[in-house]
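First the structure, in the form of structure tokens, and then the observations on it.
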Amino acid sequence: MKRKILCLMTALILLMGAVPAGAGAAPVRFQTTLLDLFDTVTYVMGYAESRAAFDEEVERFTQSMRTYNSLFDIYNDYEGVNNLKTVNDAAGGEPVSVSKEMIDFLLFAKEVAVMTAGRVDITLGAVLNVWHEAREYGIAHPDKAYLPDPEVLTEAARHTGMALLEIDPEACTVRLTDEKARLDVGALAKGYAAELSCKDFPEGYLISVGGNVLVHGAKPDGAKWTVGVTDPFDPYSNSYLATLSMTNGTVVTSGDYQRYYTVDGVNYHHIIDPDTLMPAKWYKAVTIICADSGIGDALSTALYLMSAEDALPLLEKYDAEAMWVEEDGNVFWTTGFKKYLPFTE
């Protein structure tokens, strides 16, 4: 199976090419592609008076994202950095000194666990690691792909829960009290980091971090940006399930078509339901529109794991809109989602 890094869960409709700005000219559009942030493809597009001015904004954004990437990495060590891998490696031992940025993120993650009733829980790492190993093996050896043993998953689930995560904001320390507990922040880290890294962009920029699309202001002529939502039934085509017109906010999609592997002809994706310890079967995809990409990440995962009716209070709490795609192809959305669709009342 090909690596799905180029299949963005929410794809941009890219506007190609920009001409150099002359002296005194109005801002023109520039764009760039980055390949080394959060193991995904990042696009930055925006309007600036010169390429140098655009590149300065991109460099600031890139450095911020790299910092967060090193902090939130659970697989790699970084010299001089106590990151989430450091915390996982020290599980069951002494508290680990971490940065304020790490403390802020973990407190956010705790809030998310509460507001989603545990559906988005970064302490599910022990369970997700079992699935990760099975998925990686299945991708490398498709003829030997297997499903995790239910007893192994059940045992892993015994080492999960926010009660195992101790955070001391004053001392800036973190501790996992169970030596077999593990943190996995894949459902939150990218959107959270992108939101903070993009906050100082000027008006007229659009950023896509692996499909987390952030829109910062209209184009200089007042026109809206167009964001295309990938068709989950045909993710490699140039067609889109929907196109959205936006001047501010973020679009985030969770779906079963990006990270998965196949066992006996059946695809098993990466969004695990903490109640069943199996890939969720509620929907094909869920798309969120809201003001904050970190919240968008949390909501897209949470809504993928619950009924649309149960999701409405969450959407109202965060002033967010949603579109659901069911396995049979049925598509429905909240009333407010419709206003982002061109040519609709």
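Keep in mind it's a predicted model, so treat the numbers as computed, not measured. All values below come from the heavy atoms of this structure, side chains included, with hydrogens, waters and symmetry mates left out.
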Is there a donor-acceptor contact under 3.5 Å from the side chain of [X] to the main chain of [Y]?
X: Gln31; Y: Val44; value: no
X: Asp273; Y: Pro279; value: no
X: Arg175; Y: Val96; value: no
X: Thr160; Y: Leu124; value: no
X: Thr301; Y: Asp297; value: yes

With a 6.0 Å cut-off on the ring centroids, do Tyr304 and His269 count as close?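 Aromatic pair counts; centres sit under 6.0 Å.
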
Donor-acceptor pair between Ser70 and Asn83 side chains, under 3.5 angstrom
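There is no such pair between these side chains.
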
| message | Is a donor from one side chain sitting under 3.5 angstrom from an acceptor on the other, for Thr86 and Asp89? | response |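 No, no side-chain donor-acceptor contact under 3.5 Å.
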
| message | Can you see whether Trp333 has Lys338 sitting over its ring - NZ or CZ less than 6.0 Å from the centre and within 45° of the normal? | response |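 Checked: cation-pi criterion not met.
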
Within 6.0 angstrom of [X] [atom1], more than 12 heavy atoms from elsewhere:
X: Arg51; atom1: CZ; answer: yes
X: Gln63; atom1: CD; answer: yes
X: Asn330; atom1: CG; answer: yes
X: Lys180; atom1: NZ; answer: no
X: Glu316; atom1: CD; answer: no
X: Asp168; atom1: CG; answer: yes
X: Glu56; atom1: CD; answer: no
X: Glu94; atom1: CD; answer: no

Ring geometry between [Y] and [X] (parallel below 30°, tilted from 30 to 60°, perpendicular above 60°):
X: Trp131; Y: Tyr261; result: perpendicular
X: Phe108; Y: Tyr192; result: tilted
X: Phe201; Y: Phe61; result: tilted

message = Is any side-chain heavy atom of Thr287 closer than 4.5 Å to one of Val252?
response =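 No; the side chains remain at least 4.5 Å from each other.
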
Rounded distance (nearest 0.5 Å) linking atom [atom1] of [X] with atom [atom2] of [Y]:
X: Tyr240; Y: Asp234; atom1: OH; atom2: CG; result: 11.5 Å
X: Leu34; Y: Tyr43; atom1: CG; atom2: OH; result: 10.5 Å
X: Asp36; Y: Met65; atom1: CG; atom2: CE; result: 10.0 Å

query: Of the non-hydrogen atoms in Val215 and Trp225, which two are nearest, and what is the gap between them?
result: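 Smallest interatomic distance, heavy atoms only, reads CG1-CD1, 3.4 Å.
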
